[in-house]
J.: 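Take this structure, written in C-alpha cells, and hold onto it; I'll ask about it next.
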Amino acid sequence: MDMTDIKPLDPYRWTITSTPKPVILYGNKALIEEMDEKVREQIVNVTKLPGLVGAAMTMPDAHWGYGFPIGGVAAFDPDEGGIISAGGVGFDISCGVRCLRTNVFINDVSGHLLQIVDALFNTVPAGVGSEGEIRLSMTEINKVMTGGAEWALRKGYGVREDLNYVEEKGCMADAEPDNVSDQAKKRQLGEMGTLGSGNHYLEVEVVEKIYDAEAARAFGISEGQIIIAIHCGSRGLGHQIGSDYLVALAKAAGRLGIHLPDRELACAPILSEEGQRYIGAMRAGINCALANRQIITHLTREAMSSIIPDIHIETLYDVSHNTCKQEKHRVDNKERELFVHRKGATRALPPGHMLLPERYKQTGQPVFIGGSMGTGSYLLAGNPVEQNQAFSSASHGAGRKMSRHQALKQWHGRQLIDELERQKIYIRSKTMRGVAEEAPGAYKDVDEVAEATEKGGLARRVAFLRPLACIKG
DNA sequence: ATGTCC
C-alpha cells in the first residue's frame, strides 16, 4: 500500500488522513505496507456509503474483495439512512469456523493420522458442487433456513449441548425463506453437510502452545490436546442469495439515488423494502451455514470414532465471519442499534457479554484465526470494549497476500502435498489446482496477523494450534 | 466463495 496520507494512531492502528469519514487500518507497519492498494481504495469507498457510524475498518488480515475488502468491518445506523450491502457480507453468507475440542492427545493420534485423514476425506464431501447423502425437498430446505443448527439437531446430527456454543444458539431469528429464490433453494437441495471448495477446510490440529492459561482452562484446552476446525459456509444457497440481491440492491440504489463509488457496493437503506428483503434472505443463509457446520460436526464425529473409538468431541465454539448483524453498541456515550457488516472478520464478544455462554463469560468469546494450509491457527479471546474499538470484531484468518492466479503460476499441488507430508502434515483434496491456489506462501504470516490482532486490542491470544491433517475442497 | 460463464 502506498503509505501517502496513512498515519499511525499507534503502532498497530493506522488512519487515512484524506478521507471525510474516518478509516482505521489494523496491523503492524509491514502488514499495512504489504497490503494491496485495492484495500485502501475499497475501504475509502465504504466511508462514502450513507449512515456509516464511526470508522470503516480493516482487520490485520485484510485483502482485496468484491466491493468491500475481506477483513472489512463497517457499522451503519438505520435511523440515519444506514445501508445494507450484499458485497459487505460476502457471497459465502455466514462462512465461518466451528471449532471442536476432543478428549484425545497427540500421542493418541500420531500413529493414525493417515487413517484419520482418509476417514475424514471419505466421510465429509468436499469440492465444487459436492453433494452429500442428504437430499432435501423444497419444503424441507425452508425449514433449514428458519431452523439452522437446531434443524440439523432435530434430524439427528449432533447433540443438544453443541448449540450452546454456536452463535445465536444455532438459530438466527427473523430469517425469511420467502425472500430466497427457488433457484437458490434448488442449488442447496443436495449440498447440506458438504465442505465446499476454495479456502474451506476441515483440519485436525494439536494445541502447541498456550498463551493464556486461565482462558485456556475456560476453553477446555491444554497442550498436546487435539482440536478440529471446520471452515465452511452456506454453499450454493448463500452464493445464489448474494448474486440475486446484488442485482436487486443495485436497482434499489439507482431508484433511491444512492451514489455508489463502485457498482460492487450495491446497497439499499436498511429501512427500505429491498434492504429488509435482503436482511431476511441473508438470515436464511446464516441458518443454512449453521446447519451445514452442525451436520459436518456429526460427520466428523463418525469419521473420528471409526479410527479412535473412545474419542469424545465437543463444540468449543462456532462463529461466522461473513455476516451483517443487528447489535447494540455504545458510541459517544450513547447506546445505539447498529447493523455491523463483518466480511472476513469475526465477531469477538467481550467478557461479560449477555450473549456469551456461561463457560466463556469471564474470558470473552473464543475467536478463531484459521491459518493457511500447513501453517497453524490461533485461538483467541474477545477483549473488553475499552480495548476493542472495532465494534467487537477481530481477524478471521491469515488473509491472502497473493491472488489465486499468481499462486497457480508459482506452485504445484502435488509438490505442496509431498512437502507437507514430509513435515507429517497430511493433506487430502479433490483437486491439485485447489491445493496450489491455497499454497501457504500465498498467505500472510499468521503469527504476524495474530500478534497484530492482539497488539491492536482486538482479541488476546490463548493458544497456537499446529496442523496435523487437513481435507480441502 | 461459486453448478469457477446460462
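Naming convention: chains lettered A, B, ... in sequence-line order (proteins, then strands); numbering from 1 in each chain.
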J.: Output the rounded distance in Å from CD (A:Gln188) to P (B:dT2).
T.: 10 Å
J.: Roughly how many Å is it from CD1 in A:Ile93 to P in B:dT2, rounded to a whole number?
T.: 12 Å
J.: Please state how far atom CZ in A:Phe91 lies from atom P in B:dT4, giving the value in whole angstrom units.
T.: 14 Å
J.: Classify the ring geometry of A:Tyr201 against A:His231: parallel below 30°, tilted from 30° to 60°, perpendicular beyond 60°.
T.: perpendicular
J.: Base, sugar-phosphate, or nothing: which does A:Gly233 touch, judged by heavy atoms less than 4.0 Å apart?
T.: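 Touches nothing.
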J.: Can you tell me how far C1' of B:dT4 sits from CZ of A:Arg235, to the nearest Å?
T.: 12 Å
J.: Nearest-Å distance, OH (A:Tyr66) to P (B:dT4)?
T.: 17 Å
J.: Listing request: all side chain to side chain donor-acceptor pair (under 3.5 Å) pairs with a residue in residues 51-63 of chain A, at least two apart in sequence or in separate chains.
T.: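 Residue pairs with at least one partner in residues 51-63 of chain A: A:Asp61-A:His396.
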J.: To the nearest Å, how far apart are A:His231 NE2 and B:dT2 P?
T.: 10 Å
J.: Measure CG/A:Leu246 against P/B:dT2 and give the value in whole Å, please.
T.: 17 Å
J.: Using atom CD of A:Gln240 as one end and atom P of B:dT2 as the other, report the distance to the nearest whole Å.
T.: 13 Å
J.: Which part of the nucleic acid, if any, lies within reach of A:Ser197 when heavy atoms closer than 4.0 Å are counted: base, sugar-phosphate only, or nothing?
T.: base
J.: Please enumerate all residues that pass side-chain hydrogen bond (donor to acceptor under 3.5 Å, both in side chains) together with A:Gln294, with sequence neighbours excluded.
T.: A:Arg98, A:Asp162
J.: When all nucleic acid strands are considered with a 4.0 Å heavy-atom cut-off, which category describes A:Arg404: base, sugar-phosphate, or nothing?
T.: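 Contact class for A:Arg404: sugar-phosphate only.
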J.: 5'-most contact on DNA chain B: A:Glu437 or A:Cys95, nearest heavy atom basis?
T.: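 Looking at DNA chain B, the more 5' nearest nucleotide goes with A:Cys95.
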J.: I'd like to know if the side chain of A:Glu274 and the backbone of A:Ala248 have a donor-acceptor N/O pair within less than 3.5 Å.
T.: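 Not confirmed, A:Glu274 side chain does not pair with A:Ala248 backbone.
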